[in-house]
Structure formats: C-alpha cells, structure tokens
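Quick notes on the structure that follows.
In what follows, chains carry the letters A, B, and so on, assigned in the order in which the sequence lines appear, proteins first and then strands, with residues in each chain numbered from 1.
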There are 2 protein chains.
Amino acid sequence: MGLSKTAFVILGMLRMGKRTGYEIKALVDVSTRHFWAASYGQIYPELKRLEEGGLIEGQAAETGKRRRREYELTASGERALHDWLTAGPPLHVELRHEGVLRFFFSAPLDPGEQVELLRSIRSEHATVRGELEAIRPAAETLEGEGNPPLSVLEWGIAYQDFVINWCSETERRIIEQTASGQRS
Amino acid sequence: MGLSKTAFVILGMLRMGKRTGYEIKALVDVSTRHFWAASYGQIYPELKRLEEGGLIEGQAAETGKRRRREYELTASGERALHDWLTAGPPLHVELRHEGVLRFFFSAPLDPGEQVELLRSIRSEHATVRGELEAIRPAAETLEGEGNPPLSVLEWGIAYQDFVINWCSETERRIIEQTASGQRS
DNA sequence: GGGCTCATGTAAGTGGTTACATGATTAT
DNA sequence: ATAATCATGTAACCACTTACATGAGCCC
C-alpha cells in the first residue's frame, strides 16, 4: 500500500504517544504545519485507512467523558515509519510563495510599489517568526526522549530571518538605485 | 472572475512578450518553478479561460511552420496583473519539505541514520543550487528592461545555501554529541 | 443559559500532477 | 530514417482545503 506523506505525519505523531485525531491536528498546527500542513479532511479519513491497513490501532477512550478514539502505532506501523525515515531520495520539496512570485513579475511596478511589496512580504514572515518564537519554550522543555529535535524549530526561525533579511537588503538596493537614478 | 495564482504566472509571462503555451511552460521550468510550479495540465486550460475572459488574446502564428498559438496581454489583462501585483496581503505561502519532516520525526533513528538523512537533504539542495547557478548567466544578461529582477535568482541560491548550511551544522552537532556520549 | 473547547466526521470543490495521444518540423 | 524538439491538448487521478453538520462536556 502506498502511503501519502501525510500518513507519515500521523504515524510520526503517534510514535510519540497515543493520540486522537483532534490532538494530532492540534499538534500539526503548532509544529509540522510550517513544512507539512494537514487538515481534518485529510487526518480523519487517513486514520481510518491506516487502521484498516493495520498500521495503527484505535480504541474508544475509557474516560467516560466525551466520545473520543485514541490511536496507537502497531508494530507494522512502527516499521513503516522507520522504513520511510531511512528511505533514500527523492525527497518531496515544494514551495509556493506568492510574495516572491509577485516580485519576480514586479517590472511593471514603480520603485515605491516594489518596496511596498517587499515590506509586506517581510511583515508576513515577521509574523510567522513571532509564532515560532512563541513555541520555543514549550519545544525546549520537550527536547530529547523521542521528541522532535529543537533544531527544526531553529531552522524555521532562521528561515524567516533569511527571508526578512533578503527583503530588507533588496528594499535597500531599490531605494539606493532610485535615489542615484534621480540624481543623474 | 476570480483568477488563480497560476493565472497570474501566465499573465506575468505574457507581459514580457508574446508567447505560446509551450514557451510559457519552458520559461516557468527555468524560473518560477522554484517558488511557483505549473504544468501543461494547468497552463493550456488556463490560457483558454483567460482568453474567454478577455485578459489575453491569441492568434495562430503567421509563420507557416508548426501549428502554434501565440498569446498577448490585452489592456484588461495588464490591469488585472497590475492589480494583483499591488494588492496587499495575505500572500499565499506554502512549504512542503519531506526532508525536514523526516528529520522532525527522526527520534527513532540512531545518530548515524540521522546524519545520513541530513546528508541526503543537503545533497538535493546542492543539486538545485547547481541548477540555479547554471541559469545565472542568462538571467544576468536579461536584467532590466521589464525583465525579472536578478535578486529573485539570488534569493533562490541563498535559500539553497541556507538549507545546506543548516544541514552541515546539524550534522556536526549530532556527530559531536555522539562522540561525547560514547566517552561518558 | 450561553459560549468555548473538545471531538468526529464528510461533501463539495479546488488546484494540481501524470501520463498519454497526436502530429509537425528539425537535426543527425 | 529516426530521434529530438516543438506544440497542443485532455482524462484520470491525487492531495488538499473549506465549510459545514453534529454533539458532548466545561466554565462563567
């Protein structure tokens, strides 16, 4: 059975402990979302498929509270996860960045508008950076013990910084060029 | 009419001159692909829609060679492009990176396997970096004159470098930690 | 009682890829 | 002659999002 990448997100999350679909979604939203998003519309059907495939096992939670179904990895699920982790390339990489796309086509804009565009790209990345920084304390206390490496969060923050700096730098160059152009 | 982002890729490409669908696809493959990919399955139907919407105009190319249909922007297409370029946020941003995802879930791996994973991420980014560097000469000669800014290509290269460095750094840390762990 | 969070689920739609079919022209 | 490239197109499929429906328990 060919598993989607998103299936491995679920397997990976379950490796860290029993979880409901709802909990998996909440975890995704504060972690993998930034490099692999997933919605309810994927998670719930995928949980069903994975259970049918014998990679996970669910049971109604004993707590007499709300109706909830907790899943855990089976041995074969753990194997599938490990196989995926150690499989070689190719690694799926996909980037869709409307800001860069606009700037790529920004020739019709005057310098002021170009700078404005770069500023809004920068501001959106600054927002994400803030979100990631907010997660840091929690991620730090969780480090080690089968939990995700902190370096992934650091990658995320550094990536935001990278884009932010590229924007600043590019804004600066445009402003400089415009000034010198007007002089000549 | 709500245009998809990919529609703007087409409008943007046509702003630089008359193009056939085939040519647009070829251009996308050496430029926007890295931050906004598009396939024939999108481009040809979208050309039809855009023409029906009056944003572009196509005509059978006069050259008596192959059957080909060249499109150009109409005034309203140009307006639509400009409106999109100057529209504010939100800017669609999406990243799917299987390498980082695997590393995020890499707790079950032993240090050697983790390093191996990082190495393969690094190698794939090095490949892309090479592709981008190969484009540079062409991009440099094209700069200015309503053409895309070189800084976008530089962004692409710097992004590859960023990931490559993050991998190296993280590999180094794992190797160091493992060595010190064995000593104790 | 009312609003929030927990919790599960699905239907409809979107956006996109893959793979194929077709055929003309050019280069070797 | 034949392989590569130019060129247009589409059908089937896949992954994913959005928006909604439903309801229970929790907190004020």
Using a cut-off of strictly less than 4.0 Å, decide whether [X] has a side-chain nitrogen or oxygen near OP1 or OP2 of [N].
X       : N      : value
B:Thr6  : C:dG16 : yes
A:Gln42 : D:dA15 : no
A:Arg67 : D:dG25 : no
B:Thr20 : D:dT8  : yes
A:Lys48 : C:dT10 : yes

Could you check how far [atom1] of [X] sits from [atom2] of [N], rounded to whole Å?
X       : N      : atom1 : atom2 : value
A:Ile43 : D:dT17 : CD1   : P     : 9 Å
A:Arg96 : D:dT17 : CZ    : C1'   : 14 Å
A:Lys25 : D:dA19 : NZ    : C1'   : 13 Å
A:Arg49 : D:dC16 : CZ    : P     : 10 Å

Base of C:dT25 paired with side chain of B:Arg66 (donor-acceptor, under 3.5 Å):
yes

Any donor-acceptor N/O pair, B:Arg102 side chain to A:Ala87 backbone, under 3.5 Å
yes

Using the closest heavy atom to pick a nucleotide of DNA chain D for each, name whichever of B:Glu94 or B:Arg69 lands nearer the 5' end.
B:Arg69

Specify the residue among A:Tyr40 and B:Glu23 whose closest nucleotide of DNA chain D lies further upstream toward the 5′ end.
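The residue mapped nearer the 5' terminus is B:Glu23.
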
Quick one: do A:Arg68 and A:Glu70 make a salt bridge, cutoff under 4.0 Å?
yes

Do B:Glu94 and B:Lys5 meet the salt-bridge criterion of a basic N to acidic O distance under 4.0 Å?
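A salt bridge is absent here (no side-chain N lies under 4.0 Å from a carboxylate O).
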
With sugar-phosphate meaning primed atoms plus P, OP1 and OP2, does B:Gly41 contact a base, only sugar-phosphate, or nothing at under 4.0 Å between heavy atoms?
base

Is a donor from one side chain sitting under 3.5 angstrom from an acceptor on the other, for B:Trp84 and A:Glu98?
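On atom types as modelled, these side chains qualify, holding a pair under 3.5 Å.
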
Any side-chain donor paired with an acceptor under 3.5 Å for A:Gln114 and A:Ser106?
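A donor-acceptor contact under 3.5 Å links the two side chains.
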
Which of the following nucleotides, C:dT18, D:dT10, C:dA7, is nearest to the side chain of A:Arg68?
C:dA7

When you get a sec, tell me which of C:dT17, C:dT10, C:dC6 is the closest nucleotide to the side chain of A:Tyr22?
C:dC6

